[in-house]
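Each chain gets a letter, A, B and so on, in the order the sequences are listed, and its residues count up from 1. Model, not experiment: these values are computed from the prediction.
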Amino acid sequence: MAIIIVYEQDNKLLIITPAPEMFDSESPTRRLLSSNGIELESQQEVLSWIIHKDAPQHVAYYITDDSKLPQSRIWRDAWTYNQEADLFGVDISQAIAIRKTILQGIRPSVLSELMNRYLMALGTGDITLKEALELQINALNSFESLDFPSDLDVLANYLPDCFNIV
Amino acid sequence: MATNNALNTSVNSFLTDTTMAAASNTNVYTGLAVKTYVDNLTTVATQSDQETATSITTLVTPGRQQYHPSACKVWCAFTAVTSTTILGSYNVSSLTDGGSGITTVNFTTSFSSTNYACSATADRTGSIAVTSAAIASRATGNAQMATYNTVFTPTDSVGHFIAFGDQ
């Protein structure tokens, strides 16, 4: 099915998927349109009408097939589109930012567990463990400054050492 | 006076009352009275009749029932988990995928104002903990919905959208 690709002014990639009912002239949606005086004669007319109505104005748009879309949406917010090659890609810096956001969501529970262990180490007087936990907690608090892998497959499940509770 | 032997009764008079209020075995309604009565019975509601929603004598046809204030004006079920796929819809021209968990539902026929009621919900999809869905913004011709995970980050899901109001 045809989809419409639009870059907004802030370089955000929008993907517009027409409703299948729009291409069925007998569908209730199309009949509703007809009752409002809008008659669309061909699939190209339908697509043009949708672009005119639903795509942001004054920006370029591209039509491609939905089979070109990446198989996974894990990096959706980092997707790019090369209209000349008709290919989707991934902006690695955006992908790293996505992974960091996911880790930010995990961090509080890890931090809570480390703090519990730290207090127990204080209670038992285990200085070695206490110092090791201090280092890990500090690393956890500043994990975003670590180097992240640029391989997308590795990045997808990347967990810095400071997130591992031994 | 005419006599009907089969009914063993006779007709006393012809009636012209188009409401056919009287019931009798001895009076007969004229053809015009019957036709007018039937025509009145089958008066089809216009869009205006539907929007006014006060008549109790006009009939509603499938092509106009959607104009009643109580009727759902837009609905859509879709999945955005692997790619955006519209599973079913009415009065939807397209969906705009604005990023993870962000979907704009575009209407073929706009509402007359933004004072319409709409609702967004999401399925819990497998291990993805989608915990909430919300209307992020609305205009007369579209509404943007967002689905969130447990830490309130927009997350892709199977989504549903419905809207009621005046168009």
Report summary line: Separation between CG (Asp66(A)) and OG1 (Thr84(B)), nearest 0.5 Å, reads 9.5 Å
Requested in this report: Output the distance between atom CD (Gln47(B)) and atom CG (Asn36(A)), rounded to the nearest 0.5 Å.
Outcome: 7.0 Å
Report summary line: Hits for side chain to side chain contact (heavy atoms under 4.5 Å, CB included) against Asn11(A), two or more places apart or cross-chain, chain-then-number order -> Tyr7(A)
Query raised in the report: Using links of under 4.5 Å between side-chain heavy atoms of ILVMFWY residues, direct or through other members, which residues join Tyr67(B) in one cluster?
Result: Leu32(A), Trp75(B), Tyr90(B), Ile162(B), Phe164(B)
Query raised in the report: Quick one: CG on Asp77(A) to OG1 on Thr153(B), what's the gap to the nearest 0.5 Å?
Result: 10.5 Å
Report summary line: Bottom line for Leu13(A): the part with an atom under 4.5 Å from chain B's heavy atoms is backbone
Report summary line: Rounded to the nearest 0.5 angstrom, the OG-CD1 distance for Ser100(B) and Ile98(A) is 6.0 Å
Report summary line: Per-residue tally against chain A (heavy atom, under 4.5 Å) across Ile86(B), Thr85(B), Leu95(B) peaks at Leu95(B)
Query raised in the report: Quick one: does Glu21(A)'s side chain get under 4.5 Å of Val92(B)'s, heavy atoms only?
Result: no
Report task. Tell me, for Leu14(A) versus chain B, whether the close heavy atoms (under 4.5 Å) come from the side chain, the backbone, both or neither. Result -> both
Query raised in the report: If only atom types and distance count, is the side chain of Asp97(B) paired as donor or acceptor with the main-chain N or O of Ile15(A) below 3.5 Å?
Result: no
Query raised in the report: Any side-chain donor paired with an acceptor under 3.5 Å for Thr29(A) and Asn91(B)?
Result: no
Query raised in the report: If only atom types and distance count, is the side chain of Ser94(B) paired as donor or acceptor with the main-chain N or O of Pro18(A) below 3.5 Å?
Result: no
**Report entry** Heavy-atom proximity to chain B below 4.5 Å, by part of Leu33(A)
**Finding:** side chain
Requested in this report: Search all heavy atoms of Arg76(A) against all heavy atoms of Gly98(B) and return the closest pair with its distance.
Outcome: NH2-C, 3.8 Å
Query raised in the report: Do other residues, nucleotides or ligands put more than 12 heavy atoms under 6.0 Å from Asp147(A) CG?
Result: no
Query - Heavy-atom contact with chain A under 4.5 Å, split by part of Phe107(B) - result: backbone
Requested in this report: Could you tell me which non-hydrogen atom of Ser93(B) sits nearest to which non-hydrogen atom of Lys53(A), and how far apart they are?
Outcome: OG-NZ, 2.9 Å
**Report entry** Proximity breakdown for Glu8(A) and chain B, heavy-atom pairs closer than 4.5 Å
**Finding:** neither
Query raised in the report: Side chain, backbone, both or neither: which part of Arg73(A) has a non-hydrogen atom closer than 4.5 Å to chain B?
Result: both
Report task. Determine whether more than 12 heavy atoms belonging to other residues, nucleotides or ligands lie under 6.0 Å from atom CD of Glu84(A). Result -> no
